[in-house]
Amino acid sequence: MPTSAHSGTAAEEPRSAATAPGAALSPDSAPAPALEPGPTAARISRLATLAAGPGASCPPTVLADRPDATLVRGGHVVAKAHAPGCDPDRLAARLRVAAHPSLRGILLPPLPVTGPGGFLTLLDDGRPATRWPYGRPVSPDEPDTAPWEETARLLARLHAVAPARLPGPVPPMRGPAKAARALSRMRTATAATAATAATAATAATGPGPGAASPPARSAPPPSLPLLHAAATVERAWSLLPPWARDEAAAPRATALCHGDLHLGQLVRHPAPDGPWLLIDIDDLGLGDPAWDLARPAAWFATGLLAPALWSRFLGAYRAADGPAVRKDGDPWPELDVPARALTVQTAALAVARAAAEGRPLDADERALVDACGRMACV
């Protein structure tokens, strides 16, 4: 998939690492304003109770309250409500893996709570909740110091863990499933955009043959470029093999994978200066290890990640004997399909965000869609 890449941002996502999806344990969010009674207030109150413990001398702080996760910090502990529809049994299996001694020094281990396996409980709304040590995440204000080599070495160690040593059964890695969900989200968001465009097109035809004068020509509605972008993303998606679209088993599902790797998925623990550890095990499982390298590979190929940073990342992974790519030579035979899939996934989310916000794509988002267009021409 490599295209001519140019020097770009050091951020893993077009947005900063601290606001990237999955940047779970962000440190310095301001306490949330008082909430009206209701499901959200009840969920946050329950999480505040779960997070309370040693070191919780300050009031609980809401770190994030998104549709896919709510996080509340109390001192040295962060409580997390996972996404609605999250399978508690599979999450419990992932938590047991994360707590296993084989993952020590690689994944941030969960803290015990009452529930299946001892590491989760169910909230009143049915969402699973877990407890984690607080860790200091990557600073979005210092992109040049982002831990690219440390991230690569952690991935290499994760991929080298023998699945047979882990408490099983280990669920499948959910990377392809997340990509498929991104396409569904784009389709939902652009359906309303298409309806708006159709209404605008009807209005542009004017009052009809009996009108005194023809209507003035107007520029195309701003929604039309988004619909064209969505069509480009759909075309690139259709060209991926079934396993990358979550329609078949991966041909190389042999390694323990993170499933959603980006710089928002690392923290220093113990805070503030402990070693870097991977966080967020919602997508952890058996899969193709190249998937975990695919996001930085995709950013490099689309020109959003500087070549020097990509070289540092890939070189550190190979030096640590990571199994996702061959030791020397061209890594793209292994990376091509996962990198294409992550490009399509991120482009779909970009189109969905722009449609929901009623705005055009920005430059980084446009670059992702353009990369999808190039895929369709290969």
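Please read all numbers here as calculations on a predicted model, not as lab measurements.
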(message) Tell me the closest heavy-atom pair linking Val351 and Thr190, and the distance in Å.
(response) CG1-CG2, 3.8 Å

(message) Please say yes or no: joined through hydrophobic side-chain contacts below 4.5 Å, possibly via intermediate residues, are Leu240 and Met375 part of one cluster?
(response) yes

(message) I'd like to know if Asp260 and Arg295 make a salt bridge, using a cut-off of under 4.0 Å between side-chain N and carboxylate O.
(response) yes

(request) Could you label the plane-to-plane angle of the Trp148 and Phe313 rings as parallel, tilted or perpendicular, counting under 30° as parallel and over 60° as perpendicular? (result) perpendicular

(message) Using a strict threshold of under 4.0 Å (side-chain N to carboxylate O), is an ion pair present between Glu365 and Arg359?
(response) yes

(request) Report the C-alpha separation of Met186 and Glu234 in whole Å, then their side-chain angles, then the decisive distance to 0.1 Å, and conclude whether the side chain to side chain contact (heavy atoms under 4.5 Å, CB included) test is met. (result) CA-CA 10 Å; Met186 182 187 74; Glu234 290 279 8; 3.7 Å; yes

(request) With side chain to side chain contact (heavy atoms under 4.5 Å, CB included) as the test, would you mind laying out the steps for Val78 and Val72 before giving the verdict? (result) CA-CA 6 Å; Val78 174; Val72 177; over 6 Å; no

(request) Determine yes or no for a side-chain-to-main-chain donor-acceptor pair under 3.5 angstrom, with Arg153 supplying the side chain and Gly322 the backbone. (result) no

(request) May I ask whether Leu342 and Leu304 are part of the same hydrophobic cluster, defined by side-chain heavy atoms of I, L, V, M, F, W, Y residues being less than 4.5 angstrom apart, directly or through others? (result) no

(request) Please determine if Arg43 and Asp124 form a salt bridge, counting it only when a charged side-chain N lies under 4.0 Å from a carboxylate O. (result) no

(message) Can you tell whether the side chains of Asp336 and Arg340 come within less than 4.0 Å, N to carboxylate O?
(response) yes

(request) Indicate the ring-plane relationship of His159 and Tyr317, choosing parallel, tilted or perpendicular according to the 30° and 60° boundaries. (result) perpendicular

(message) Quick check: is Met173 connected to Leu166 through a chain of hydrophobic side chains (ILVMFWY, heavy atoms under 4.5 Å apart)?
(response) no

(message) Between Leu239 and Trp291, is there shared hydrophobic-cluster membership here, with clusters defined by ILVMFWY side-chain heavy atoms closer than 4.5 Å?
(response) no

(message) Whether the side chain of His269 engages the backbone of Tyr134 through a donor-acceptor N/O pair (distance < 3.5 Å, no angle test) should be reported.
(response) yes

(request) Indicate yes or no: does Arg94 engage Asp282 in a salt bridge with an N to O separation below 4.0 Å. (result) no

(message) Set out, in order, the CA-CA distance, both residues' side-chain angles and the distance that settles side chain to side chain contact (heavy atoms under 4.5 Å, CB included) for Leu277 and Ile106, then state yes or no.
(response) CA-CA 5 Å; Leu277 297 173; Ile106 302 173; 5.8 Å; no

(message) Within 45 degrees of the ring normal and closer than 6.0 Å to the centroid, is that where the cationic atom of Arg96 sits relative to Phe119?
(response) no

(message) Please report the interatomic distance CG(Leu266) to CZ(Arg136), rounded to the nearest 0.5 Å.
(response) 11.5 Å

(message) Tell me whether Leu335 shares a hydrophobic cluster with Val337, the cluster being built from Ile, Leu, Val, Met, Phe, Trp, Tyr side chains joined at under 4.5 Å.
(response) no

(message) Using a strict threshold of under 4.0 Å (side-chain N to carboxylate O), is an ion pair present between Arg374 and Asp370?
(response) no

(message) The test is side chain to side chain contact (heavy atoms under 4.5 Å, CB included); show your working for Leu284 and Cys257 and say whether it passes.
(response) CA-CA 6 Å; Leu284 184 77; Cys257 303; over 6 Å; no

(request) Without swapping roles, check the side chain of Asp65 against the backbone of Thr70 for a donor-acceptor pair under 3.5 Å. (result) no

